[in-house]
Amino acid sequence: MSKKNPYKEDKPGICTVCGKIAFFDEFGNGTCPHCGWEMCKDEEKMGQEQGISYPMLVPVWRAREQYRQGKPFKATFEDFVNGLYFYSEMSFLHKGIHYYVMSSNGKICVGHGDVYQLYDTREEFTEKANIDGRLLKDIWDEVENPSYMFD
Ligand SMILES: [Zn+2]
């Protein structure tokens with residue numbers, strides 16, 4: 001008995017970030033085997049209008065810059081906040097601690113375990129969110145894997 005190939009519907013195309021051959025499914029989605037970019041059909045529009053992509057978070061135009069510079073794809077703090085307003089539940093890692101960031105009714109909650117901070121507006125979160133008094137926007141280089149919360 002032969003197994004069904006889950007990829008048989010995929011069509012070859014050009015990766016929107018590195019320009020090499022990648023495969024797209026019927027919805028125009030796919031992961032590039034060369035650079036790791038996860039393509040989605042609406043990424044140009046999302047990048048222009050919302051400053052993000054999905055599921056990668058980094059807008060495609062910034063991903064191209066990062067690829068050209070030989071850097072890994074990583075959302076900036078601004079991309080992250082854009083993603084928060086798109087998806088409502090985000091996460092990142094800082095010095096081994098897994099943080100969540102959630103938005104609800106315009107308010108933003110950031111924390112880990114029982115420790116959290118609450119902010120009333122996007123501006124307040126952007127300016128004041130901190131880890132042990134160090135502003136998140138200033139220590140973003142230390143933050144790893146800023147992304148949507150998928151589970
Ligand atoms: Zn690629």
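Here, residue 1 is the first one in the sequence, and each next residue gets the next number. Read the numbers this way: they start at 1 and go in the same order the structure lists the ligands and their atoms.
Protein nitrogen, oxygen and sulfur atoms, that is N, O or S, within less than 2.8 Å of the Zn ion (ligand 1) amount to 4.
Between Tyr99 and His112, the ring planes lie perpendicular to each other; the angle is over 60°, past the 30° to 60° tilted range. Between Phe77 and Trp140, the angle of the ring planes lies from 30° to 60°, which puts this pair in the tilted group.
A salt bridge links Glu127 to Lys137: at least one charged side-chain nitrogen sits closer than 4.0 Å to a carboxylate oxygen. A salt bridge between Glu43 and Arg62 is absent, with no side-chain N of the basic residue lying under 4.0 Å from a carboxylate O of the acidic one. For the pair Lys11 and Glu26, the salt-bridge criterion is not met [side-chain N within less than 4.0 Å of a carboxylate O].
The neighbour count for Asp120 CG, taken as heavy atoms of other residues, nucleotides or ligands under 6.0 Å away, is above 12.
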